[in-house]
Amino acid sequence: MRKVAVGAAVVCAAAVCAAAAVVVRQRMKSSRKWARAMAIVKELDDKCGTPLGKLRQVADAMTVEMHAGLASEGGSKLKMIISYVDNLPTGDEKGLFYALDLGGTNFRVLRVKLGGREKRVVKQEFEEVSTPPELMTGTSAQLFDYIAEALAKFVATESEDLHPEPNKQRELGFTFSFPVKQTSIASGTLIRWTKGFNIEDAVGKDVVQELTKAMHRKGLDMCVTALVNDTVGTLAGGRYYHPDVIASVILGTGTNAAYVERTSAIPKWHGPLPKSGEMVINMEWGNFRSSHLPLTEYDIALDEESLNPGEQIYEKMISGMYLGEIVRRVLCKMAEEASFFGDTVPPKLKTRFVLRTPDMSAMHHDTSPDLKVVATKLKDVLGITNTSLKMRKVIVEICDIVASRAACLAAAGILGILKKLGRDTLKQGEKQKSVIALDGGLYEHYAKFRDCLEFTLKELVGDEVAETIMMEHSMDGSGIGAALLAASHSPYLQEEDEEFY
Ligand code: GLC
């Protein structure tokens, strides 16, 4: 009896020891995994580092590329496209104009009634239409027919008092936010697609002609009087309200900037330009690349697997189309190499572009004590359940690293433009204001990104110069800007002038 009891006690003790050993092993295993996961985050943080010195190098490289892009065709990754916009809105524009704003997953059609200096924008109506994803990689005719049809429907809602006079055509400002080699203010050929569009038969074609043909097919009688990039539209829209606007930056699905250059600084090969005057340049800065950019393995893999490998490297580190995807790639590595979300990799986490930047932003801005938003997004978007608070905090940290790098790099880009214009230092006795018009969903809705961008630019230029620089949100400026440019380039305006003289 005693022996049995002793035997049972020994067996029990052995079982307890074994169980304890399993627990200890598991703990060790999970602490090893946690350490591995933290090492991945630490490495990301190190590689994404953007100390001011590095940002200054990026800014300098941007200025150098601006010079090189202007100096010769193909001289730089920056196309530095002449926009043919040499007179920005003054406020005197009058009449009814349409605008079509195409550049991302949605496009917008607008109707704007301009009332001149006193009344400004008298009336403005718009509609937003989403572009079916299959049209982003279909044929040119399919895309433009779809757009022309939406435009025709919108025109049909025009009230009677706005109808044009019998012998006048309706006029349209066309914001087409892709790299286009402009041949005049109202014509230009598509250089290549960006932002997930890839319609091969449109490359090399005049996009105004493509749109005009589609409008004819849809029975719409309208004339395109201005073709502009969204940066150029935003600059024009900004200048309409603020005479000190000197540059514009789009931070949305893609990223790009435009600025006002002195024509005397533009080399002759660009063709005849007035000797003294101004010209808006569309930089296409999304394609900027420099050895100073803090690239990571995630950026390299994202680029290699993209529709446009080797292109738009700066854009792929900064813009809304890509930030969520970078975070997803980091989480994927943590799942694969550190079993961060359990023994198997959550299947949804492997889907490219499943984590969108607005979801990343929602996680990044989560202020609830238990990070409820992070938990919900992980569950709904990535199918990841049962995360601890500690894990969720790590995810917020990853969002912070990726968004801060993007914002800092954008700030460096802006400093590059200010340097090119000699506005990064104070001239003696001069306190000229430099206003930068900004727009795009990333800038508008991602508050931590916006704050970091503004803070970093201030740090880069120093307090005194910072007082002369203003960042203005130019809401939907690109559409209004296109309408304004359509107004200032209207053929009827010329007729009026001719009649007058
Ligand atoms: C992409 C386009 C560019 C556009 C920018 C912002 O970079 O190439 O033309 O301005 O996105 O929409």
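Between Asp299 and Lys316 there is no salt bridge, since no side-chain nitrogen of the basic residue lies less than 4.0 Å from a carboxylate oxygen of the acidic one. Ion pairing of Arg329 with Glu305 is present here, as a side-chain N (NZ or NE/NH1/NH2) and a carboxylate O approach within less than 4.0 Å. We find that Arg356 and Asp359 are joined by a salt bridge, their nearest charged nitrogen and carboxylate oxygen being less than 4.0 Å apart. Note on Arg170 versus Asp221: no salt bridge recorded, every NZ/NE/NH1/NH2 to OD/OE distance being 4.0 Å or above. No salt bridge links Glu311 with Lys77; every basic N to acidic carboxylate O contact stays at or beyond 4.0 Å. In summary, Glu325 and Arg352 do not engage in a salt bridge, as defined by a charged side-chain N under 4.0 Å from a carboxylate O. Salt-bridge formation is detected for the pair Lys420/Glu261: a Lys NZ or Arg NE/NH1/NH2 atom is positioned less than 4.0 Å from an Asp or Glu carboxylate oxygen.
Thr157 places none of its side-chain heavy atoms less than 4.5 Å from the side chain of Glu125. Using a 4.5 Å cut-off on side-chain heavy atoms (C-beta onward), Leu438 and Ile436 make contact. Contact check for Cys48 versus Pro294: no side-chain heavy atoms found under the 4.5 Å cut-off. Between Thr105 and Ser130, the closest side-chain pair of non-hydrogen atoms is not below 4.5 Å. Residues Gln182 and Ser187 form no side-chain contact, since every pair of their non-hydrogen atoms from C-beta on lies 4.5 Å or further apart. Inter-residue side-chain proximity for Val435 and Ile469 is flagged as unmet; no heavy-atom pair is nearer than 4.5 Å. Taking the side chain as every heavy atom from C-beta outward, Tyr492 and Gln169 approach each other to under 4.5 Å. Between Arg108 and Leu110 the shortest side-chain heavy-atom distance falls below 4.5 Å.
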Please step through side chain to side chain donor-acceptor pair (under 3.5 Å) for the pair Asn256 and Asp230, ending with a clear verdict.
CA-CA 9 Å; Asn256 189 10; Asp230 52 357; 4.9 Å; no
Could you go through the side chain to side chain contact (heavy atoms under 4.5 Å, CB included) check for Thr194 and Glu315 one step at a time?
CA-CA 10 Å; Thr194 50; Glu315 176 160 277; 4.1 Å; yes
Trp285 and Thr255: side chain to side chain donor-acceptor pair (under 3.5 Å), yes or no, with the steps?
CA-CA 7 Å; Trp285 87 0; Thr255 183; 3.0 Å; yes
Between Asp101 and Ser478, is a side chain to side chain donor-acceptor pair (under 3.5 Å) present by the stated rule, with each step listed?
CA-CA 7 Å; Asp101 193 348; Ser478 67; 2.8 Å; yes
Go through the steps for Phe144 and Tyr146 under the test ring pair (Phe, Tyr, Trp, His ring centres under 6.0 Å), then give the verdict.
CA-CA 5 Å; Phe144 283 105; Tyr146 185 81; over 10 Å; no
Carefully, step by step, assess Arg111 and Leu96 under the rule side chain to side chain contact (heavy atoms under 4.5 Å, CB included).
CA-CA 7 Å; Arg111 181 164 39 232; Leu96 180 77; 3.7 Å; yes
Can you list the steps and then say if Arg450 with Glu444 is a salt bridge (charged side-chain N to carboxylate O under 4.0 Å, His left out)?
CA-CA 8 Å; Arg450 188 177 56 235; Glu444 190 180 345; over 6 Å; no
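For the pair Thr357 (side chain) and Gly324 (backbone), a donor-acceptor distance under 3.5 Å is present. His445 places no side-chain N or O within 3.5 Å of a backbone atom of Gly441 that could act as its donor or acceptor partner. Between the side chain of Gln124 and the backbone N or O of Val121 there is no donor-acceptor pair closer than 3.5 Å. Panel note: side chain Trp193, backbone Met136; no donor-acceptor pair is recorded below 3.5 Å. Checked by atom type and distance alone, the side chain of His365 pairs as donor or acceptor with a backbone atom of Lys448 at under 3.5 Å. At least one donor-acceptor pair under 3.5 Å links the side chain of Ser83 to the backbone N or O of Val280. Looking at Asn229, its side chain never comes within 3.5 Å of a backbone N or O of Ser177 through a donor-acceptor pair. Under a 3.5 Å cut-off, the side chain of Asn198 and the backbone N or O of Thr137 do not form any donor-acceptor pair. A distance-only check finds no donor-acceptor pair linking the side chain of Lys348 to the backbone of Val354 [under 3.5 Å]. Listed for the Glu472 side chain is no donor-acceptor partner under 3.5 Å among the backbone atoms of Ser474.
Nearest heavy atoms, Leu453 versus Ile414: CD1-CD1, 4.2 Å. Of all heavy-atom pairs between Ala437 and Val245, the closest is CB-CG1, 4.2 Å. Listed here is the closest heavy atom pair of Lys47 and Leu295: CD-O, 4.4 Å. For the pair Pro491 and Thr225, the tightest heavy-atom approach, listed with the atom from each and the gap, is CD-CG2, 3.4 Å. Contact between Glu127 and Phe154 at its shortest, heavy atoms only, is OE2-CD1, 3.9 Å. Nearest heavy atoms, Pro346 versus Phe341: CG-CB, 3.9 Å.
Residues Thr231 and Thr234 have side chains that never bring a donor and an acceptor to within less than 3.5 angstrom of each other. A donor and an acceptor atom, one from each side chain of Gln312 and Tyr322, are nowhere located under 3.5 Å apart. Checked by atom type, the side-chain pair Arg405/Thr50 shows no donor-acceptor distance below 3.5 Å. A donor atom on one side chain and an acceptor atom on the other are found under 3.5 Å apart for Ser490 and Glu171.
At most 12 non-hydrogen atoms from other residues, nucleotides or ligands lie less than 6.0 angstrom from NZ of Lys458. More than 12 non-hydrogen atoms from other residues, nucleotides or ligands lie less than 6.0 angstrom from NZ of Lys218. Within 6.0 Å of CD on Glu73 lie no more than 12 heavy atoms contributed by other residues, nucleotides or ligands. No more than 12 heavy atoms of other residues, nucleotides or ligands sit less than 6.0 Å from atom CE of Met475. Counting heavy atoms of neighbouring residues, nucleotides and ligands inside a 6.0 Å radius, atom CZ of Phe126 does not exceed 12 of them. Within a 6.0 Å radius of NZ in Lys153, other residues, nucleotides and ligands contribute 12 heavy atoms or fewer. Summarising the local packing, CD of Glu128 is surrounded by more than 12 heavy atoms from other residues, nucleotides or ligands at distances under 6.0 Å. Residue Phe455 places its CZ atom among 12 or fewer non-hydrogen atoms of other residues, nucleotides or ligands, all under 6.0 Å distant.
Ser76 contributes atom OG, which lies 13.0 Å from atom CZ of Arg289 (distance to the nearest 0.5 angstrom). Going from atom OH of Tyr259 over to atom CG of Leu418 covers 12.0 Å, rounded to the nearest 0.5 Å. In this structure, CZ in Arg56 is found 10.0 Å from CG in Asp424, a value given to the nearest 0.5 Å. Here the straight-line distance linking atom CG of Asp439 with atom OG of Ser248 works out to 9.5 Å at 0.5 Å rounding.
Separation of the Phe449 and His364 ring centroids does not fall under the 6.0 Å cut-off.
Between Phe178 and Phe176, the angle of the ring planes lies from 30° to 60°, which puts this pair in the tilted group.
Geometrically, Arg120 engages Tyr240 in a cation-pi contact, judged by NZ or CZ lying under 6.0 Å from the ring centre and within 45° of the ring axis.
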